[in-house]
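The structure appears right after this line, and notes come after that.
Numbered from 1 within each chain, the chains take letters A, B, ... in sequence-line order.
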Number of protein chains: 2
Amino acid sequence: MSSIRYAILSLLAREPLSGYDIKQYMNNRLGPFWKVGSNQVYPELSKMEAEGLVQRQAVEQHSYRPARKVYEITAQGKSEIIDWTLAPANFELNLRDEFLLKTYNAWLVEPDNMISSFMEERKKHVEILETYQMKLAELTPTLDASNSKDPLNSTIFIIDFGLRHEQMYIEWCDQMIQKLKTE
Amino acid sequence: MSSIRYAILSLLAREPLSGYDIKQYMNNRLGPFWKVGSNQVYPELSKMEAEGLVQRQAVEQHSYRPARKVYEITAQGKSEIIDWTLAPANFELNLRDEFLLKTYNAWLVEPDNMISSFMEERKKHVEILETYQMKLAELTPTLDASNSKDPLNSTIFIIDFGLRHEQMYIEWCDQMIQKLKTE
DNA sequence: GCACCCATGTAAGTAGTTACATGATTGC
DNA sequence: GCAATCATGTAACTACTTACATGGGTGC
């Protein structure tokens, strides 16, 4: 069920990267939508190299720093990630959100306190919505929308999802605040 | 960061339950929005009993079956779950969805194949949307919406979230299918 | 001078999944 | 007869988080 190797292959299919890059991309670039720790990335890369899914490029060496090992995807790796992409996703209902659990306990606390919580939560989601909007504005001009082979198009697909998710979250907060006010 | 004990307290604040009940509720009732295994529930309940957050009620015994141990929340447990509910949620960006990762690889495969994937995914979300709608229809009539102390109101809050989430997902699929068709 | 960045990696601990074990009852 | 439900729990495994270690460079 762990998809970390597929997440790594998904990034390497676009461009060669070091383990450090991969970690940064996953934790910062895309939302983050797939967080990992370095203890997951480095051993997994070694395994994948042994299995022939990735291979090392030239090593960039600065004497004072660990060598930067850049990996690129192999033909075998590319074929594996394409197969995985086409295979049906095994469905996971993934609403494990701490704030949702707190909402489930709304009846335990004063409505006014709950309203404050919703407003705080709303604020966080507005901020993230804005980062998505900036990313979108940044990518859209450089894009040929009619070219389905451009990875940027796929990037925009998932940013669009993030955007909709945040909008939905904000609207939900607004409606919950309304409901709590009229109680 | 693990909230399983708060999830357990959230359920016990509403009614006394056995470990088995708790597992069933979490895995089936609410979507599921917070899945657990029995290996997490039973040891955690023991710990919580030792800490005075929950206590055992009478044990229902059928000779042919393990005794059903029903737990109820203590005053200390209730105060703890109220405090936790009021404390600010630590934010987690939680878009780890296998299908999203596949979407990120859309550029690697034929648009027609990707369209099929989106239609399959859409179908799953329509089904879940329908179960939420049924739950909502089931609960709404028995409800006094003006009574903020009724746990059902809070239950509806999170079902409403699930509903919006599924609607958003379906709309996103529709738009992605549109985009892929015009490419 | 202090914190953060780069860049590799390891270690230790927590959380979560899957499978197993018991064993009568209920429904197909 | 076979599978599922109830009800407890354990065992083995996988996945994830947090912290640590090195050590020069860069910005405040």
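- One atom, CD of E49(B), and another, P of dT8(D), lie 13 Å apart when rounded to the nearest Å.
- For the pair S38(A) and Q40(B), nearest-nucleotide mapping onto DNA chain D gives the more 5' position to Q40(B).
- Comparing dC6(D), dT8(C), dT10(D) against the side chain of Y20(B) picks out dC6(D) as the nearest.
- Take R5(A) and apply the salt bridge (charged side-chain N to carboxylate O under 4.0 Å, His left out) test, not counting sequence neighbours, and it matches E44(A), E51(A).
- Shown here for N105(A) and W84(B), the closest heavy-atom pair between the two residues is ND2-CZ3, 4.0 Å.
- We find that NZ of K47(B) is positioned 15 Å from C1' of dG9(D), with the value rounded to whole Å.
- Among the protein residues, R5(B) comes within range of no part of the nucleic acid, since none of its heavy atoms lies under 4.0 Å from any strand.
- The separation between R96(A) atom CZ and dA15(C) atom P is 11 Å, rounded to whole Å.
- For the pair D21(B) CG and dG9(D) P, the interatomic distance rounds to 13 Å; values are reported in whole Å.
- K23(A) has its NZ atom 11 Å from the C1' atom of dC5(C), to the nearest Å.
- Comparing dG9(D), dT8(C), dG16(C) by their nearest atom to the side chain of R68(A) picks out dT8(C).
- For the pair G37(A) and Q24(B), both in contact range of DNA chain D, the more 5′-proximal nearest nucleotide belongs to Q24(B).
- Rounded to whole Å, the distance from OH on Y71(B) to C1' on dG9(D) is 11 Å.
- A cation-pi geometry, defined here as NZ or CZ lying under 6.0 Å from the six-membered ring centre and within 45° of its normal, does not hold between R14(A) and Y25(A).
- Counting to the nearest Å, the C1' atom of dA7(D) and the OH atom of Y25(B) are 15 Å from each other.
- Of the candidates dA7(D), dT8(C), dG16(C), dG16(C) carries the atom nearest the I4(B) side chain, counting heavy atoms from C-beta on.
- Between the P atom of dG9(D) and the CD atom of E44(B) lies a distance of 14 Å, rounded to the nearest Å.
- Qualifying side-chain contact (heavy atoms from CB on, under 4.5 Å) partners for F99(A), counting only residues two or more places apart in sequence or in other chains: D97(A), T103(A), S117(A), F118(A), E121(A), Y169(A), W172(A), A89(B).
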Problem set entry | salt bridge (Lys or Arg N to Asp or Glu O under 4.0 Å) evaluation trace for K149(B) with E110(A) | CA-CA 9 Å; K149(B) 297 296 176 218; E110(A) 289 306 314; 3.8 Å; yes
